[in-house]
Every structure is written in C-alpha cells, then in structure tokens.
Amino acid sequence: MVGLFTNLQGEIEPKEAFSIEKTLYCGQLFRFYFKDGVFFLPYLNSLLKLEEKSSTIYYSVFGEALSDLQIKKILGLNHSINKINSYLAKRDPRFKIVIEFANGLRIMSLPPYETAISFIFSIQSSIPVIKKRLNTLSEYAGHCIEIGGEKFHLFPKSSDLKSLSKKEISLLKLGFREKFFAEFIKKYDETFFENLKQLNYEEKRKELLKIKGIGEKVGQCILLFSLDELSAFPVDVWIKRGMKYFFNEVGTERKLSETGRKIFGEFAGYAQEYMYYFLRFSDVKTC
DNA sequence: CGCCAGGACAGCC
DNA sequence: GGCTGTCCTGGC
C-alpha cells in the first residue's frame with residue numbers, strides 16, 4: 001500500500017485536439033485499464049483516473065499527489081498540437097490524411113525506467129502479451145492501490161526488482177528476453193535514466209544502445225516516450241511498411257529512422273505515432 | 001495441430 | 001557498415 005490515500009480531483013479543458021483513446025491505444029503505454037468509460041493509469045506512485053465528457057477531462061489522483069501541470073505533461077497536453085500538425089503537413093503534404101486521421105493523439109511523458117523495461121518486454125511480442133508480462137511483474141513486486149474493492153498495482157521500483165527471485169523472473173515467461181531483463185534490473189535504476197535527460201539526443205541514444213536488449217527500435221521508443229525527444233522515430237514492422245507506402249523508402253531500421261527524422265524534423269516522433277495509428281486503425285491497407 | 005507475428009544480437013562477410 | 005539465422009510465447 002502506498003501511504004495514505006489522497007484523492008485529488010480536478011478537470012482539464014484541452015485548448016486543442018485531445019483524445020484519450022487515441023493517446024492510449026497507440027502503443028506508447030501498455031498498462032492502463034478501461035472500465036465503464038473510465039481509464040485508470042498507474043504512474044509512478046500514483047493512480048490516475050481519467051474520464052472524458054464532452055471534451056472536458058475529469059481526473060482523480062490516488063496515492064501520491066500529482067499537480068494539474070504534471071498531469072498535463074504526462075498526457076502531452078503541454079504540446080502545441082496545432083503548430084505541430086501544420087509543421088508536419090508542411091514538411092510533407094502527402095501526410096495530411098494521416099495527421100487528420102490521428103488528430104488528438106498525444107505523445108505522453110512516461111517514466112523512463114518503466115518504459116525501458118516495457119519495451120524490452122515488447123521485443124517480438126504482441127501488445128496483449130506485453131501487457132500480461134508487465135501486469136504479472138507489477139503484481140509480484142509493485143505496490144497495490146485499492147479503490148472500491150478493485151486492486152491496481154503500481155509499477156515496481158528498481159529497489160523492488162533487485163530482490164526478485166529467479167523463480168519469480170521465470171514465471172514472467174519472458175523467453176529469450178529473460179536474460180536481458182535479469183541483467184537490466186541488476187545494472188540499472190531510475191537514477192541512471194534521470195541522468196540521461198541531461199544529455200543530447202545522440203548521447204542519450206548511444207547510452208541506451210549499450211544496454212543489452214535495447215536496439216535501435218526499442219531505444220527510440222524510450223527516447224520518444226520518456227526522455228523528451230520528440231524527434232525520435234522508432235521503426236517497427238508497421239512503420240517499415242508505412243515508409244514504403246508513403247515515401248517509397250526501404251532499408252534497415254537505422255536508415256529508415258534517419259530518413260523519417262529528416263523528413264519530419266523536430267516533431268518526427270509525432271509523425272511516427274500518427275503513422276502507426278493510421279496504419280493500424282484506418283481502412284487503408286498498405287500490404 | 002501448424003502457422004504466424006514481433007526485434008535484438010552474434011557471427012558472418 | 002549490411003545480411004542471415006536464431007531466439008520464445010501466445011493467439012488463431
């Protein structure tokens with residue numbers, strides 16, 4: 001249990017397009033719950049409850065307090081989305097249809113330690129599988145918050161994970177990812193990632209790629225979702241198809257990522273998430 | 001049951 | 001630097 005419950009409440013009126021659904025279902029965050037029109041998001045020592053009613057966001061915070069400003073930052077509501085959209089449309093007008101379709105999606109600002117583990121778990125895995133692994137881990141080692149008889153588990157701290165037994169690790173069924181995870185929790189903690197924030201893009205990227213289990217794609221996801229690098233451009237199989245479909249570009253992940261960053265500049269990460277959302281949820285088939 | 005989806009890495013050139 | 005084979009689980 002996390003201390004005494006605070007139960008802060010408030011509301012946010014987004015000034016520009018914002019959709020909780022698009023933001024949560026685009027694969028940046030795996031662990032959230034949806035029930036009766038309400039979303040629950042574990043975030044560090046807090047549980048955030050969100051409800052969208054006629055474009056107002058009503059929130060409650062359980063566990064550790066979060067300010068209005070912090071919540072906006074977590075949800076990407078601090079980004080000037082109209083400016084970003086017109087910037088991207090200008091960089092490549094062929095992309096307008098994608099921007100239109102995904103409008104409302106925001107890049108979140110997530111805790112890097114958890115994000116790193118989440119994307120190590122994501123290697124060669126589908127979203128439901130990733131979610132199950134992360135939930136199991138949180139149930140073993142994370143703090144629990146109970147609301148109205150419903151239990152929610154926060155993501156474990158580095159200090160919790162260092163004491164995981166071999167057996168508990170094996171129950172996560174990580175397969176070949178297990179060795180990456182076991183080494184990761186031994187060698188890294190939250191502070192390591194907080195310190196990365198002071199480096200520039202290329203330095204951060206290099207540091208991440210030194211970690212076993214973090215390659216080009218996973219590294220760029222961590223940069224984009226948790227290390228304030230909106231120009232990162234992670235290339236997975238979807239984006240690979242998309243780059244061919246929209247720009248007739250092919251090549252390695254590294255090369256396509258550089259191409260995407262050249263086309264879309266400082267907000268390439270938004271273009272990447274928009275593209276992912278479009279490829280997965282629009283009717284347009286690219287292969 | 002077989003088949004497929006999904007990235008990192010070592011080993012090779 | 002790029003290419004190839006291998007690694008494992010769960011859903012269909």
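Numbers restart at 1 for each chain; the letters A, B, ... are given by sequence-line order, proteins then strands. Given the structure is predicted, the values throughout are model-derived calculations rather than measurements.
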- Task: Give the angle between the helix axes at the two ends of the helix from dG2(B)-dC12(C) to dC13(B)-dG1(C), taking five base pairs at each end and rounding to 10°.
- Result: 30°
- Query: Taking the six-membered ring for Trp, are Tyr274(A) and Phe278(A) ring centroids under 6.0 Å apart?
  - Reply: no
- Message: Within this structure, what is the CG-CD1 distance for the pair Leu29(A) and Ile74(A), rounded to the nearest 0.5 Å?
- Response: 10.5 Å
- Query: Rounding to a whole Å, what distance do you find between Phe30(A):CZ and dG6(B):P?
  - Reply: 13 Å
- Using a strict 4.0 Å threshold on nitrogen-to-oxygen distance, state whether Glu183(A) and Lys179(A) make a salt bridge. no
- When the aromatic ring centroids of His79(A) and Phe267(A) are compared, is their separation below 6.0 Å? no
- Task: Begin from the C-alpha positions of Ser125(A) and Arg133(A) and carry the test side-chain hydrogen bond (donor to acceptor under 3.5 Å, both in side chains) through to its verdict.
- Result: CA-CA 10 Å; Ser125(A) 308; Arg133(A) 287 174 188 148; 2.7 Å; yes
- Query: For Leu208(A) and dA8(B), what is the distance between atoms CG and C1' respectively, to the nearest whole Å?
  - Reply: 15 Å
- Query: Within this structure, what is the CG-to-P distance between Leu279(A) and dA5(B), rounded to whole angstrom?
  - Reply: 16 Å
For nucleotides 6-12 of chain C, list the nitrogen or oxygen atoms of the protein found under 3.5 Å from its nitrogen or oxygen atoms, one pair per line.
residue	atom	partner	partner atom	Å
dG11(C)	OP1	Lys132(A)	NZ	3.3

- Query: How close or far is atom P of dA5(B) from atom NZ of Lys240(A), stated in whole angstroms?
  - Reply: 13 Å
- Query: Should we count CG of Leu171(A) as having more than 12 external heavy atoms under 6.0 Å?
  - Reply: yes
- Message: Using whole Å, what does the distance between atom P of nucleotide dA5(B) and atom CZ of Arg280(A) come to?
- Response: 12 Å
- Query: Can you tell me if the side-chain N/O atoms of Trp238(A) get under 4.0 Å from OP1 or OP2 in dG6(B)?
  - Reply: yes
- Do the non-hydrogen side-chain atoms of Leu75(A) and Ile20(A) ever get within less than 4.5 Å of each other? no
- Task: Return the residues of residues 211-222 of chain A meeting this criterion: a heavy atom under 4.0 Å from some atom of DNA chain C. Order them by number, or give none.
- Result: none
- Query: So Phe247(A) and Phe264(A), would you call those rings parallel, tilted or perpendicular, with 30° and 60° as cut-offs?
  - Reply: perpendicular
- Item | Thr56(A): which of Glu11(A), Glu13(A), Glu51(A) passes side chain to side chain donor-acceptor pair (under 3.5 Å) | Glu13(A)
- Aromatic ring pairing Phe39(A)/Tyr25(A), orientation class (parallel under 30°, perpendicular over 60°, tilted between): perpendicular
- Tell me what Glu253(A) touches on the nucleic acid: a base, only sugar-phosphate, or nothing, going by heavy atoms under 4.0 Å. sugar-phosphate
- Interatomic distance, Arg254(A) CZ vs dG2(C) P [rounded to whole Å]: 9 Å
- For the pair Phe176(A) and Phe180(A), name the ring-plane relationship: parallel under 30°, tilted 30 to 60°, perpendicular over 60°. perpendicular
- Message: What is the separation between atom CD1 on Ile130(A) and atom C1' on dG6(B), rounded to the nearest whole Å?
- Response: 8 Å
- Query: Rounding to a whole Å, what distance do you find between Phe121(A):CZ and dA8(B):P?
  - Reply: 15 Å
